[in-house]
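Data first, discussion second: the structure below is written as structure tokens.
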Amino acid sequence: AAGAGVLLLRACLALLASPIYLLALVGVWEPFCRRVFFPFILGKISVVHEKKSKKHKQELFRNLPDFRGSSGELRLLEIGTGSGSNFQFYPAGCRVTCTDINPHFQESLARSMKKNQHLRYERVLVAAGEDLSQVGSGSVDAVVCTLVLCSVHSVSRTLAEVLRVLRPGGAFYFLEHVAAEHSSWRYFWQQVFYPTWKLVFAGCCLTRELWKNLEEAKFSELNIQHISVALPWMPIEPHIVGYGVK
């Protein structure tokens, strides 16, 4: 019965979003979404998300300085930097390499860089999480990834790249929204929204159980916490936060 309910509500939602489905069909939506809609809407959502997740991020990044390399510097790579909302949490003097698959965040990224002059910005790369070939193996002390693993094509390939670029003893920090408990109403609504949400929000998947991917990756130590970040009218409340050590 739940399955039929999901399909019926999915169809209703698709009907409401039919202009977007039509634009996608003729190949117009994807480039428009990447260039205009997604950077704009993400800017709006991240303002709300930032407020709700700020204390979690402060807590998460508190021990970043512990992972400084032998030179005493902290070399940090961020996957899916977007407009740079994490910069404020990084320690002073940290050398940051920014990567994002979408090159259309440059304006807001430049604003964030100007605002966060306590950091040293090394490079800005257009790259997918699954292919960080422009970054040397074992060349960074920390990798950060927030609200990105929901939309990469392959979570396992992305985590393999994370482990490759990290030096031994380096750390991977994450904060991601995940699938809700399967027996919950929240999960029911995640399934209803799934196809339309994925189309509208540039490939974002609502029902990934990312803690399983992290447990399968080869971290020597893994700290995961399941938390709730309540956003009004959004099916992305359940989150995981933590870090893994190579």
Side-chain angles (χ1 to χ4, degrees), residues 49 53-82 84-91 94-101 119 122 125 127-180 204-229 236 238-246:
H49 193 277
S53 62
K54 187 165 188 174
K55 65 175 195 297
H56 295 298
K57 285 189 178 181
Q58 284 168 332
E59 186 60 39
L60 172 65
F61 294 127
R62 186 172 290 162
N63 68 346
L64 255 177
D66 299 350
F67 291 98
R68 285 195 180 106
S70 51
S71 66
E73 287 188 314
L74 181 72
R75 299 160 304 169
L76 183 147
L77 170 93
E78 183 165 358
I79 297 174
T81 311
S85 60
N86 291 326
F87 292 165
Q88 58 184 307
F89 303 106
Y90 299 159
C94 174
R95 289 169 55 182
V96 182
T97 297
C98 307
T99 73
D100 205 293
I101 195 169
L119 306 176
E122 300 274 288
L125 307 173
E130 299 92 334
D131 179 15
L132 299 170
S133 54
Q134 301 172 69
V135 183
S137 300
S139 67
V140 297
D141 305 303
V143 176
V144 172
C145 187
T146 61
L147 303 184
V148 172
L149 292 178
C150 56
S151 53
V152 296
H153 289 302
S154 166
V155 178
S156 54
R157 283 225 314 276
T158 302
L159 293 177
E161 277 291 77
V162 165
L163 284 161
R164 180 186 67 78
V165 301
L166 275 176
R167 64 164 174 81
F172 171 57
Y173 289 80
F174 54 87
L175 173 88
E176 299 284 344
H177 68 82
V178 291
C204 172
C205 299
L206 289 172
T207 55
R208 286 187 174 171
E209 299 177 329
L210 295 168
W211 63 91
K212 293 181 178 174
N213 300 93
L214 285 156
E215 282 158 7
E216 284 161 16
K218 301 279 186 274
F219 291 102
S220 64
E221 180 195 326
L222 185 60
N223 305 275
I224 298 186
Q225 215 184 333
H226 287 257
I227 60 166
S228 183
V229 179
I236 56 169
H239 282 59
I240 53 168
V241 62
Y243 67 96
V245 180
K246 175 171 169 175

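Below, all heavy atoms of this structure are taken into account, side chains as well, without hydrogens, waters or symmetry copies. Numbers for residues simply follow the sequence, beginning at 1.
- Residues satisfying the side-chain hydrogen bond (donor to acceptor under 3.5 Å, both in side chains) criterion with S70, sequence neighbours excluded, are absent altogether.
- Judged as a side-chain contact (heavy atoms from CB on, under 4.5 Å), and not counting sequence neighbours, the contacts of N63 are D66, F67, Y173, Y243.
- Closest heavy-atom contact between C150 and E176: N-OE1, 3.7 Å.
- A distance of 10.5 Å separates CG in L149 from CG in L175, rounded to the nearest 0.5 Å.
- Applying the salt bridge (charged side-chain N to carboxylate O under 4.0 Å, His left out) test to every pair with at least one member in residues 132-152, sequence neighbours left out, gives these pairs: R75-D141, D141-R167.
- Rounded to the nearest 0.5 Å, atoms NE2 (H239) and NE2 (H177) are 6.5 Å apart.
- At a threshold of 4.5 Å between non-hydrogen side-chain atoms, the residues L74 and L64 count as touching.
- With sequence neighbours excluded, the residues satisfying side-chain contact (heavy atoms from CB on, under 4.5 Å) with A180 are S184, R186, Y187, Q190, P238.
- Counting heavy atoms from C-beta on, the side chains of L76 and V143 never come closer than 4.5 Å.
- Scanning for side-chain hydrogen bond (donor to acceptor under 3.5 Å, both in side chains) contacts around S133 gives D131, with sequence neighbours left out.
- Every salt bridge (charged side-chain N to carboxylate O under 4.0 Å, His left out) that K212 has, sequence neighbours left out, goes to E209.
- With hydrogens and angles disregarded, no donor-acceptor distance shorter than 3.5 Å links the side chain of T97 to the backbone of E122.
- E215 is linked by a salt bridge (charged side-chain N to carboxylate O under 4.0 Å, His left out) to nothing, counting only residues two or more places apart in sequence or in another chain.
- In this structure N86 satisfies the side-chain contact (heavy atoms from CB on, under 4.5 Å) test together with K57, F61, E78, F89, Y90, V144, T146, sequence neighbours excluded.
- A 4.5 Å side-chain heavy-atom check between L125 and C98 finds every atom pair outside the cut-off.
- In terms of modelled atom types and a separation under 3.5 Å, the side chain of K246 and the main chain of G169 share no donor-acceptor contact.
- With sequence neighbours left out, the ring pair (Phe, Tyr, Trp, His ring centres under 6.0 Å) criterion links H226 to W211.
- In this structure, L214 and F172 have side chains that are in contact, with non-hydrogen atoms separated by less than 4.5 Å.
- Remark: E216 pairs with no residue by the salt bridge (charged side-chain N to carboxylate O under 4.0 Å, His left out) rule, at least two apart or across chains.
- Looking only at distances, no side-chain donor or acceptor of T207 sits under 3.5 Å from a matching main-chain atom of A179.
- Side-chain atoms of I224 and F174, non-hydrogen and from C-beta on, do get closer than 4.5 Å to each other.
- The side-chain hydrogen bond (donor to acceptor under 3.5 Å, both in side chains) check on S53 picks up H49, with sequence neighbours excluded.
- No donor-acceptor pair closer than 3.5 Å links the side chain of Q225 to the backbone N or O of V241.
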Using atom types as modelled, flag every donor-acceptor pair under 3.5 Å from a side chain in residues 153-163 to any protein atom, sequence neighbours excluded.
| unit_1 | atom_1 | unit_2 | atom_2 | d |
| --- | --- | --- | --- | --- |
| S154 | OG | S156 | OG | 3.4 |
| S154 | OG | R157 | N | 3.0 |
| T158 | OG1 | S154 | O | 2.8 |
| E161 | OE1 | R164 | NE | 2.6 |
| E161 | OE2 | L132 | N | 2.6 |
| E161 | OE2 | R164 | NH2 | 3.2 |

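- Under the 4.5 Å side-chain criterion, counting only non-hydrogen atoms from C-beta, V152 is in contact with E130.
- Using a 4.5 Å cut-off on side-chain heavy atoms (C-beta onward), I227 and I240 make no contact.
- A donor-acceptor pair under 3.5 Å is absent between the side-chain atoms of N223 and the main chain of G242, judged by distance alone.
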